[in-house]
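The block underneath contains the structure these notes are about, expressed in structure tokens.
If you're wondering where the values come from, they're calculated on a predicted model, not measured in any experiment.
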Amino acid sequence: MTDQSGGSTVRIEPGTMATSARGGVAHAPHRRSSRGSLLRRALLRLNERVVVVGYRFASWLLGVVPLGISLPVAGLAMRLAYLLWPAKRRVILANASHILGRSTDDPAVRRLAGRVYQTYGRYIVELMRLPSLPDAAPAAMMDSHGERGVDAFAELWGRLRAEGRGIVALSVHIGSIEALIAACAARGFPTYGLADDSSYPELYALLQAQRRRWGVEVFAWKNLRRVYSVLREPALLGLLVDWGYRSDGVPVRLFGDWTTLPAGPAVLAARTNAVIVPIVCRRQAGGRFTAEWLDPIEVGGAGSAEIAQATQAVADAIEVMVRPAPEQWYTFKPIWPATPEEAASLAVRAGEPG
């Protein structure tokens, strides 16, 4: 799974693979075009170098500054971002409005939007401190006991592996994906993830090296041969499915409103006999996290009806992930269509009146 800047998975990163219900890989959600003038490419390269140098410096700085200082500063910075970046504020308000079923002017919606920004600020601090921590630190942040915790996941994994079946582990941007994938790998689960390597390749390589420290391999979304071989290994392949609304996705109802989700996870599961297992990592007090895996989703086949049914089950699982702590869902992309007309068109595609 991944961070909002372009990291990776199961972490999966900005490269949640989108696949059409008919089976063709469509795109990576944030893929950056390689075309353009020499000047444009030079400017993009310069921008990438600035981002990477800035990331390395900030990571070093946060590794030496106590959390008692860095967290309040990050909280203040995110509050300022909420006030000074109206485009993103509108996105967060719209998403919060759908979650709560209220107008964007409702005080509860505005409070939730502000808390999302604060949660994301804390996540960024924790993410950028990881290089200064021991390799075992991310897994150690996870309280993995419980009926649906990471330890209990071992029984499900053992049964499916004995059947030769892989797991498409789906999640969203909640809690710490790093702690989740590190905890899975630390318990001996072969853990992989997809990533989009087309935006900021140098930063991508930096983050991938960090994940390899935890025993997690992340590879490019377009490496389809690797995608299928991992699931047939079998292994865990992590995907994030909340990279934003796309009109060509599978119509689903999410928190009662029409939107789309990518068909890719269901198509992958159908083609490899894998099982979709939604899993979420939630933040607890004291910098700790807990994991919860939900009921596995079996995909009956690769037909459009089976793909649609499985993708709606994924949407239902997202609701279960988000409802207990919606302020922890730090996605900065529009999750629902912008207009009622487009939402109505999705209902028509799904064969419902709206």
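- With a 6.0 Å cutoff to the six-membered ring centre and a 45° limit on the axis angle, R226 counts as a cation-pi contact of F219.
- R246 contributes no side-chain N or O that, together with a main-chain N or O of G249, makes up a donor-acceptor pair within less than 3.5 Å.
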Check against side-chain hydrogen bond (donor to acceptor under 3.5 Å, both in side chains), R115 and Q118: CA-CA 5 Å; R115 291 168 67 195; Q118 289 181 299; over 6 Å; no
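- Judged by distance alone, the side chain of N95 and the main-chain N or O of K333 form a donor-acceptor pair under 3.5 Å.
- A heavy-atom distance below 4.5 Å is not found between the side chains of V51 and R49.
- The main-chain N or O of V322 is never found under 3.5 Å from a side-chain atom of Q328 such that the two would form a donor-acceptor pair.
- Counting heavy-atom neighbours within 6.0 Å of E306 CD, excluding the residue itself, gives a total above 12.
- A distance of 3.5 Å separates OH of Y192 from CD of E233, quoted to the nearest 0.5 Å.
- In this structure, Y120 and Y330 have tilted ring planes: the angle between them lies in the 30° to 60° band.
- Dense packing is recorded around CD of E163, with more than 12 heavy atoms of other residues, nucleotides or ligands lying under 6.0 Å away.
- Under a 3.5 Å cut-off, the side chain of T104 and the backbone N or O of A94 do not form any donor-acceptor pair.
- Between W329 and V116 the shortest side-chain heavy-atom distance does not fall below 4.5 Å.
- Formation of a donor-acceptor pair under 3.5 Å by the E217 side chain with backbone atoms of G193 is not found in this model.
- Between the side chains of T290 and Q284, a donor-acceptor pair is found at a separation under 3.5 Å.
- The stretch residues 66-85 participates, sequence neighbours left out, in these ring-ring contact (aromatic ring centres under 6.0 Å, His included) pairs: Y82-Y117.
- Put simply, M128 and V53 are part of two different groups of oily side chains (I, L, V, M, F, W, Y) that touch within less than 4.5 Å, one to the next.
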Evaluation steps, side-chain contact (heavy atoms from CB on, under 4.5 Å), between V241 and V172: CA-CA 6 Å; V241 291; V172 294; 4.1 Å; yes
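- Put simply, CG on L180 and CD1 on I174 are 11.5 Å apart, with the number rounded to the nearest 0.5 Å.
- I69 and W60 end up in the same hydrophobic cluster when Ile, Leu, Val, Met, Phe, Trp and Tyr side chains are linked at under 4.5 Å.
- The hydrophobic cluster containing L261 does not contain V91, counting ILVMFWY residues as joined when their side-chain heavy atoms lie under 4.5 angstrom apart, directly or transitively.
- Salt bridge present: R165 and E298 bring a charged side-chain N and a carboxylate O closer than 4.0 Å.
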CA sep, side-chain torsions, deciding dist, call: L239, L194, side-chain contact (heavy atoms from CB on, under 4.5 Å): CA-CA 7 Å; L239 300 172; L194 295 181; 3.4 Å; yes
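- Annotation: H98 is not in aromatic contact with W258 [ring centroid separation under 6.0 Å not met].
- Within the 4.5 Å cutoff, side-chain heavy atoms of F189 are placed close to those of V150.
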Verdict with reasoning, R45 to E202, per salt bridge (Lys or Arg N to Asp or Glu O under 4.0 Å): CA-CA 10 Å; R45 177 60 180 160; E202 190 174 344; 3.3 Å; yes
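- Not one N or O on the side chain of W214 forms a donor-acceptor pair closer than 3.5 Å with the backbone of A137.
- Here the closest heavy-atom approach between residue R89 and residue L83 is recorded as NH1-O, 2.9 Å.
- A 4.5 Å side-chain heavy-atom check between V250 and T260 finds every atom pair outside the cut-off.
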Working for side-chain contact (heavy atoms from CB on, under 4.5 Å), residues D106 and L100: CA-CA 10 Å; D106 191 288; L100 297 181; over 6 Å; no
Step-by-step side-chain contact (heavy atoms from CB on, under 4.5 Å) determination, L127 to L130: CA-CA 6 Å; L127 173 70; L130 287 177; 4.3 Å; yes
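- Here the side chain of T272 pairs no donor or acceptor atom with the backbone of R232 at under 3.5 angstrom.
- Residues S132 and G63 share a closest heavy-atom pair of OG-CA, 3.4 Å.
- Between D143 and R282, no side-chain nitrogen of the basic residue sits less than 4.0 Å from a carboxylate oxygen of the acidic one, so the salt-bridge criterion is not met.
- Separation of atoms CZ (R187) and CG (D151) is listed at 5.0 Å; rounding is to 0.5 Å.
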R110 vs D105, salt bridge (Lys or Arg N to Asp or Glu O under 4.0 Å): CA-CA, chis, key distance, verdict: CA-CA 7 Å; R110 293 189 172 274; D105 295 327; 3.6 Å; yes
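- Ionic pairing of R122 and E126 is present here: one or more N-O contacts between side-chain nitrogen and carboxylate oxygen are shorter than 4.0 angstrom.
- Inter-residue side-chain proximity for F57 and V52 is flagged as unmet; no heavy-atom pair is nearer than 4.5 Å.
- Not one N or O on the side chain of D242 forms a donor-acceptor pair closer than 3.5 Å with the backbone of I335.
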Intermediate values then yes/no, salt bridge (Lys or Arg N to Asp or Glu O under 4.0 Å), R148 and D295: CA-CA 10 Å; R148 290 292 180 117; D295 291 341; 2.8 Å; yes
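- R56 CZ: 12 or fewer foreign heavy atoms inside a 6.0 Å radius.
- The shortest heavy-atom contact between I307 and V267 is CD1-N, 3.8 Å.
- Put simply, V252 and V320 are part of the same group of oily side chains (I, L, V, M, F, W, Y) that touch within less than 4.5 Å, one to the next.
- What you find for M321 and P278 is that their closest heavy atoms are CE-CB, 3.4 Å.
- Of all heavy-atom pairs spanning G215 and A185, the tightest one is O-CB, 3.9 Å.
- Atoms CG and CD1, from L170 and I318 in turn, are 8.0 Å apart once rounded to the nearest 0.5 Å.
- Between C281 and M142 the shortest side-chain heavy-atom distance falls below 4.5 Å.
- By the 4.5 Å heavy-atom criterion applied to side chains, S103 and V109 are not counted as neighbours.
- When every heavy atom of A266 is checked against every heavy atom of T311, the shortest pair comes out as CB-OG1, 4.1 Å.
- Side-chain contact between I276 and P296 is absent, with no heavy-atom pair separated by less than 4.5 Å.
- In this structure, the separation between CG on L133 and CZ on R213 is 8.0 Å, given to the nearest 0.5 Å.
- No continuous path of hydrophobic side-chain contacts links M78 to L61 [ILVMFWY only; heavy atoms under 4.5 Å].
- Here the CG atom belonging to L112 is positioned 9.0 Å from the CG atom belonging to L93, to the nearest 0.5 angstrom.
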